[in-house]
Amino acid sequence: MQLDVLGTRRRTHRSGELRKAHVGEKVFLAGWVDRRRDLGNLIFIDLRDHTGVTQVVCNRESSPEAHQKADAVRPEFVVGVEGDVVERSPETVNRQIPTGEIEVRARTLLLLNEAKTPPFAVSDDKTAEETRLRYRYLDLRRPGMQERLRLRHRAALAVREHMNEHGFVEVETPFMTRSTPEGARDFLVPSRIHHGKFYALPQSPQLFKQLLMIGGMDRYFQIVRCFRDEDFRADRQAEFTQVDIEMAFPEREALFEIIERLMEKLFALVGARVTRPFPHLTYDQALERYGSDKPHLGFGLEWSRVALPPAVREKLHVDGPVKAMRVPKMSEISRSQLDRLQDFARSTPADWFSYFKMGGGGVQSTVQKVVGAEAVNSLAASVGAQAGDLVLLLGIKNLAAESDRRAGASAEARLREASGQLRMEAARRFELIPPDGWHFAWIVDFPMFEYDEKEKRFNAMHHPFTSPREEDLEKLESDPAAVKARAYDLVLNGSEIGGGSIRIHRQDIQRRVFKALGMTDEQARARFGFFLDALEYGTPPHGGIALGFDRIVALMAGESNIREVIAFPKTASAVDLMCESPAEVDPRQLDELGVKIK
RNA sequence: GGGGACGUAGCUCAGUUUGGUUAGAGCGCAUGCCUGUCACGCAUGAGGUCGCGGGUUCGAGCCCCGUCGUCCCCGCCA
């Protein structure tokens, strides 16, 4: 096929921007053939670029050369069009596209490149994700991907602008760094110069940002890639992007305000209004009321604890903790709906489920016959149930039983998890989750440590550089489980979109925390020696946060999967279907690195 | 590591319930016709390793076992 050259021609406009006001102008457009409609002596080409689509008309009579070329054109060919913007006659206006009032009458058509028949139509939208990822470069041409990546770009700009306004400086930190055995698995990079030694890709720039504070940078941020060699999820990739933030002499509420105002700006990009300040919820409150440390606060359902009289407990055979949740105005729900909810409740780690309805004629309950009306009425009163309400009950039946479905999980932990699951399931089934609205919350006062049943020791819940609350310092040695950290998460509509803490800036406290984690001075020194040294040279109080940029952009775009806002993501099995990575390498490369495959 | 769903034409899917003739549809693709289409239309045609391997059976897209891939979830993710 005879192709044309672009030569010195420049685009005068983009495809999506021509309007009635341009009528009469001579323009040059270039882009891809979205669709071609061949009527014989008249050929229509929908010319697409990142801004949209314009209809190009090639008429055999008035421009035979252009028409002849249009005859050969196929979807995804790259073409340039020189022609006149003309107004469409009223009956040929296309109201479905912004450029529908005009069309470009081709004088010259340039065939800049041909294209194989694509595996899927770019102009269509239904394609399995696997195929989309294999041919990502074609998928990227689709308006949806274009919009999402451009939204991501604008979000990144807004972050940089906002952080700059508040005196934060973007500093790059190394990608080739040192493995730290805490936390997630590291991706390792073998050293050619030092056989047997490895760099690690950072799980986050945590230590570097603290070192920048020690280095007097005062306020730092970075939009930065992080790497964690763990299994993928809809909201997790092995490499992902954080907005990493740290400030010296921090005051928690001041930091929160900076972040809240950032969220305000980001969500304004999608026309959303954010209500500030965000509510604070302690970790304990969140778990008690919502059964989750990242509760969706877009609907009301809350659990409350119920105290059952011993006699009632005995009749119901429930000896563990019990919680109740009032579902307002749902007493009309059908029996089969409730049966399905009960089936779901049985699949959770809780082992007792019941419910009652506040009907017109009083309480309707399946357990009423067993425990008597009085007991049910007092239960209803204790959760503030009103006429028309449905009340769900969840509990642990056999405290003493060996049949714990999850070995080691305490009754409280099981009830917590079950209550969180059931709350979300009920909200979904009863369609209580609002389709729009942005419900932010700060979750604060996380526990400092988490007990690892397998390893029989404490782990840092956030990370080992998180400061304990001052009032809990003396419990570091005596009662580590009771120590609360100065750590916080930012939660949006049930997703964790950020987390951070006020850090330890004193070497003595850092040493005590390592000790509580079961690390000897020698072990701590071997792992973080350089950092412990640095702490001794005048470390200012500091703290910060890291925001999950992919998750935030996905939420802004109304997507539940972060792959939709990443140009070249990997599949759930950590594979890039397009470039087929990971891949084997030449044995000589391995030899050079001193690496042998087992 | 575990659980669930899916895998049939280039794409999106039906067919699997209850095994039985030559495996279908829409879109796309090719060729021809068509001067106002915009999901153009009309006509004709090509296109299949039913993911892969094994088994049961006279006979497997369909049943069984294994395996691979994609998605979702649990574990994991300081």
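Numbered from 1 within each chain, the chains take letters A, B, ... in sequence-line order. As the structure is a prediction and not an experimental result, all values here were calculated from the model.
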Using only side-chain N and O atoms of [X], determine if any of them is under 4.0 Å from OP1 or OP2 of [N].
X      : N     : answer
A:R563 : B:C72 : yes
A:N94  : B:C38 : no
A:T117 : B:G28 : no
A:R74  : B:A30 : yes
A:R233 : B:C74 : yes

| query | In whole angstroms, how far is the P atom of B:U37 from the CD atom of A:Q96? | reply |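 Rounded to whole Å, this separation is 14 Å.
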
| task | Find the distance A:E425:CD to B:C73:P and express it as a whole number of Å. | result |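 Atom-to-atom, A:E425 to B:C73, this comes out as 14 Å.
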
Can you figure out which of [options] approaches the side chain of [X] most closely?
X      : options             : answer
A:E129 : B:C71, B:G10, B:G75 : B:C71
A:R88  : B:C38, B:G36, B:C11 : B:C38
A:N59  : B:C71, B:G36, B:U35 : B:U35

Which part of the nucleic acid, if any, lies within contact of [X], taking any heavy atom under 4.0 Å across all strands shown: a base, the sugar-phosphate backbone alone, or nothing?
X      : answer
A:P75  : sugar-phosphate
A:D38  : base
A:T92  : base
A:P464 : base
A:S204 : base
A:Q237 : nothing
A:Q55  : base

Return the nucleotide paired to [N]: Watson-Crick means purine N1 to pyrimidine N3 with N6-O4 or O6-N4, wobble means G-U with N1-O2 and O6-N3, both under 3.5 Å.
N     : value
B:U21 : none
B:G32 : B:C42
B:G66 : B:C52
B:G47 : none
B:G59 : none
B:C77 : none

| request: Inspect the surroundings of CD in A:E65 and state if more than 12 heavy atoms from other residues, nucleotides or ligands are less than 6.0 Å away. | output: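 Check fails, neighbour count at 12 or below.
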
When the [atom1] atoms of [M] and [N] are compared, how many Å lie between them, rounded to an integer?
N     : M     : atom1 : answer
B:C27 : B:U44 : P     : 14 Å
B:G47 : B:G36 : P     : 35 Å
B:C29 : B:C68 : P     : 37 Å

| request: Identify the heavy atoms of A:L18 and A:T99 that sit nearest to each other, and give their distance. | output: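 Here A:L18 and A:T99 meet closest at O-CG2, 3.4 Å.
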
| message | Give me the atom names and distance for the closest heavy-atom approach of A:T539 to A:A534. | response |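 Shortest heavy-atom contact: OG1-O, 3.6 Å.
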
| query | Between A:R132 and A:D139, is the closest basic N to carboxylate O distance under 4.0 Å? | reply |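 Salt bridge: yes.
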
| task | Please check if the distance between the ring centroids of A:F227 and A:F175 is under 6.0 Å. | result |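 Centroid distance A:F227-A:F175: below 6.0 Å, so yes.
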
